[in-house]
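We number each residue from 1, following the sequence as shown. Read the numbers this way: they start at 1 and go in the same order the structure lists the ligands and their atoms.
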Amino acid sequence: MTDLVNFREEVRNWLDQNCPPEMRKPITSDADVCWGGRKFVFQSTAQEQWLRNLSGKGWTAPTWPTAYGGGGLDRAQAKVLQEELQRINARLALYSFGISMIGPAILKYGSEELKRQHLPRIVRGEIRWAQGYSEPNAGSDLASLQASLVDHGSHYILNGSKIWTSYGDKGDWMFCLVRSDRDGPKHGGISLVLFDMTTPGVSTKVIRLISGKSPFAETFFDNVRVEKNQVVGELNGGWTVAKYLLTHEREMIGESGLGQSGTRPLSETALQAVGVEHGRLADPALRRDIARLEMDERALALSLERARDEARGGASLGASSAMFKYFGTELNKRRQELLMAVHGVNALDWSGPGSSDGALPKTWLRSRANSIEGGTSEIQLNIVAKHLLGLPG
Ligand SMILES: Cc1cc2nc3c(=O)[nH]c(=O)nc-3n(C[C@H](O)[C@H](O)[C@H](O)COP(=O)(O)OP(=O)(O)OC[C@H]3O[C@@H](n4cnc5c(N)ncnc54)[C@H](O)[C@@H]3O)c2cc1C
C-alpha cells in the first residue's frame with residue numbers, strides 16, 4: 001500500500017514536469033488527436049513532446065514488459081497512473097491500434113523475434129497499424145474471408161482485398177487475416193500476418209462519406225510478398241489469435257462509453273450552454289437524462305474495473321468484452337444525442353464558429369458507427385447470450 005502511495009507521488013511529480021500545459025486542455029478537433037506513424041504531422045511541439053515523454057517512460061503501454069519498451073507496471077500501478085492522468089485532464093498521448101489491438105496479440109502469440117521487432121515501435125508511436133479483417137462478403141461472418149496466402153518457398157504471396165480498413169490510406173503496417181488453407185474447415189485455414197503497407201502490390205482507395213471525410217479505405221493486394229517470420233501464432237491457427245485481438249478491440253471500443261479522455265464532462269458543457277436556475281441545470285428533462293447517463297457511465301467504469309481485476313495480470317476479458325462493447329457503444333450514442341440536445345439549434349451548425357467546424361454534429365454522426373465497427377451490436381448480443389448467459393443457440 002505504502003508502495004502505491006509512493007508511486008502516486010512519483011507519478012504526480014513526473015507529470016508535473018513532463019505533461020505540457022497545452023496537453024491538459026480538452027480536445028476540440030480531430031487535429032488534437034495524435035495517431036503517430038510515419039505520415040503523422042504533429043500539430044504542435046507540445047503534442048510531440050508529450051508523446052516522446054510518455055513513451056520514453058513506456059507509459060503509452062504501461063503494463064507491457066520493459067524488455068519490449070513498455071512501462072512494466074502491475075495493474076494497481078497502471079490504475080494509479082490512469083487516475084493521475086485523469087486528475088490533470090491529460091490528453092491521451094497516442095491513439096493506436098498497435099497498443100489496443102495487435103500489440104496484445106503479439107505479446108500473447110508472437111515469436112520473440114516479432115515482439116522485439118514490433119512492440120517497442122508501437123510503444124513509441126512510430127508505426128501506425130491498419131486492421132485488415134473485413135471483406136465484402138465477410139463481415140459478421142468473418143471466417144468466410146477469402147484473401148489468399150500461398151506458400152512460395154522463401155516467402156508467401158498474398159492476393160485479394162479488404163474493406164472498411166479504418167485509416168487504411170494512413171497506415172504504415174497492416175495486421176491482416178488471410179486464408180492460408182482452402183481444404184480444411186473454414187476456421188482452421190486462417191492465418192494472421194503482418195506486412196509493411198509500402199510493399200509493392202498493396203494499394204488503397206479511400207471511401208468518402210457524406211460528411212466529406214474518408215475514415216476508411218478499400219485495400220487491395222496484388223501478389224504482395226509476405227515474409228515467413230511475419231505470421232502471428234501458428235500458420236492456419238490465426239482464428240484463435242484473431243478472436244483474442246477482437247476482445248481487446250471490443251474492450252477499447254466499449255471504453256468509448258466512458259467518454260474520450262481529455263474532453264469536457266457533459267454536465268459542465270450543459271451548465272455552460274443551458275444555464276442554471278435555482279442552483280441547478282435549468283432544463284429538468286436534460287438534467288434527468290444527464291444524471292442517468294452519468295450514473296450509467298459510473299456503473300460501466302466500475303464494472304470494467306472489476307472485470308479487469310478478475311482477469312488478473314493482463315489476461316483477456318474474453319466474452320465479457322462483447323458485453324462492454326455493446327453497453328459502452330450504446331452509452332456513447334446516448335452521450336452524443338444529449339450533447340446535440342444541450343446545444344439546441346446551434347448543434348446543427350455544420351461550419352459555424354459555435355460548433356467548431358461542425359465537430360459536434362460530425363462526432364454525433366460518427367458515434368452511430370460505434371455499434372457496427374469491431375462487430376455489430378447484434379453479434380455482441382449473440383455472444384453474450386451464448387457465452388455469458390449460456391442460453392441455447
Ligand atoms: C467505422 C467503422 C470502422 C471499421 N473499421 C474496420 C477496420 O479497420 N478493419 C476491418 O477489417 N473492418 C472494419 N470495419 C468493418 C466492421 O468490422 C464490419 O462492418 C462489421 O463487422 C459488420 O460487417 P458487415 O458490414 O459486413 O455487415 P454484415 O455482417 O453484412 O451485417 C449486416 C447486418 O446483419 C446483422 N447480422 C449479420 N449476422 C448476424 C447474425 N448472425 N445474427 C444477428 N444479426 C446478424 C448485423 O448485425 C448487421 O446489422 C469497420 C466498420 C465501421 C462502421
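Close approach to Ala369 involves these atoms of ligand 1, each under 4.0 Å from a residue heavy atom: 1 (C), 53 (C). Near Arg366, with a cut-off below 4.0 Å to any heavy atom, the atoms of ligand 1 are 1 (C). Of all atoms in ligand 1, listed by their number and element, those nearer than 4.0 Å to a heavy atom of Phe216 are 1 (C), 2 (C), 3 (C), 52 (C). Heavy-atom proximity to Ile372, at under 4.0 Å, picks out these atoms of ligand 1: 19 (O), 20 (C), 53 (C). Atom numbering of ligand 1 starts at 1 in the shown order; those under 4.0 Å from a heavy atom of Ile379 are 38 (N), 39 (C), 40 (C), 41 (N). Remark: ligand 1 atoms within the under-4.0 Å shell around heavy atoms of Asn382 are 40 (C), 41 (N), 42 (N), 43 (C).
Closest non-hydrogen pair, Phe195 versus Val202, comes out as CE1-CG2, 4.0 Å. Leu92 and Trp50 make their closest contact through C-NE1, 4.4 Å (heavy atoms, listed as atom of the first residue, atom of the second, distance). Taking every heavy atom of both residues into account, Asn137 and Ser144 meet most closely at O-CB, 4.0 Å. The shortest heavy-atom contact between Trp164 and Ser134 is CD1-CB, 4.2 Å.
Residues Tyr326 and Glu378 have side chains that never bring a donor and an acceptor to within less than 3.5 angstrom of each other. Under 3.5 Å, the side chains of Glu373 and Ser166 contain no donor-acceptor pair of N or O atoms. A donor and an acceptor atom, one from each side chain of Asn159 and Ser148, are nowhere located under 3.5 Å apart.
Distances between N or O atoms of Tyr133 and those of ligand 1 include at least one value under 3.5 Å. The shortest N/O to N/O separation between Ser134 and ligand 1 falls below 3.5 Å. Distances between N or O atoms of Gln131 and those of ligand 1 include at least one value under 3.5 Å.
Per-atom contact check: atom 19 (O) of ligand 1 touches the protein, criterion being a heavy-atom distance below 4.0 Å. By the definition of a contact as any protein heavy atom under 4.0 Å away, atom 30 (O) of ligand 1 is not in contact. When distances from atom 6 (C) of ligand 1 to the protein are checked, a heavy atom turns up under 4.0 Å. Atom 33 (C) of ligand 1 is not flagged as protein-proximal [any protein heavy atom, distance under 4.0 Å].
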Next item on the list: With side-chain hydrogen bond (donor to acceptor under 3.5 Å, both in side chains) as the test, would you mind laying out the steps for Glu112 and Tyr68 before giving the verdict?
Entry: CA-CA 10 Å; Glu112 187 58 26; Tyr68 309 124; 2.9 Å; yes
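The closest protein non-hydrogen atom to atom 24 (P) of ligand 1 is Gly139 CA, 4.0 Å. Remark: minimum distance from atom 46 (C) of ligand 1 to any protein heavy atom is reached at Thr376 OG1, 3.6 Å. Of all protein heavy atoms, the one closest to atom 13 (C) of ligand 1 is Trp164 O, 3.0 Å. Distance from atom 52 (C) of ligand 1 to its nearest protein heavy atom, with residue and atom name: Glu373 CB, 3.5 Å. Protein heavy atom nearest atom 37 (C) of ligand 1, with residue, atom name and distance: Ser140 OG, 3.5 Å. Nearest protein heavy-atom neighbour of atom 3 (C) of ligand 1: Ser166 OG, 3.3 Å.
Legend: residues meeting side chain to side chain contact (heavy atoms under 4.5 Å, CB included) with Ser371, ordered by chain and number and at least two apart, are Thr329, Glu330, Lys333, Ser377. Under the rule for a side chain to side chain contact (heavy atoms under 4.5 Å, CB included), the partners of Leu388 that lie at least two apart in sequence or sit in another chain are Ala319, Ser320, Met323, Val384.
Using a 30° and 60° split on the angle between ring planes, Trp59 and Trp14 fall in the perpendicular class, above 60°. Using the six-membered ring where Trp is involved, Trp239 and His187 have ring planes that are perpendicular, over 60° apart on the 30 and 60° scheme.
In Arg52, the CZ atom is not crowded: 12 or fewer heavy atoms of neighbouring residues, nucleotides or ligands sit closer than 6.0 Å.
Only the backbone of Thr165 comes within contact range of ligand 1, with a heavy atom under 4.0 Å; no side-chain atom does.
Nearest residue to atom 44 (N) of ligand 1 from Met174, Glu378, Gln380 is Glu378 (criterion: closest heavy atom).
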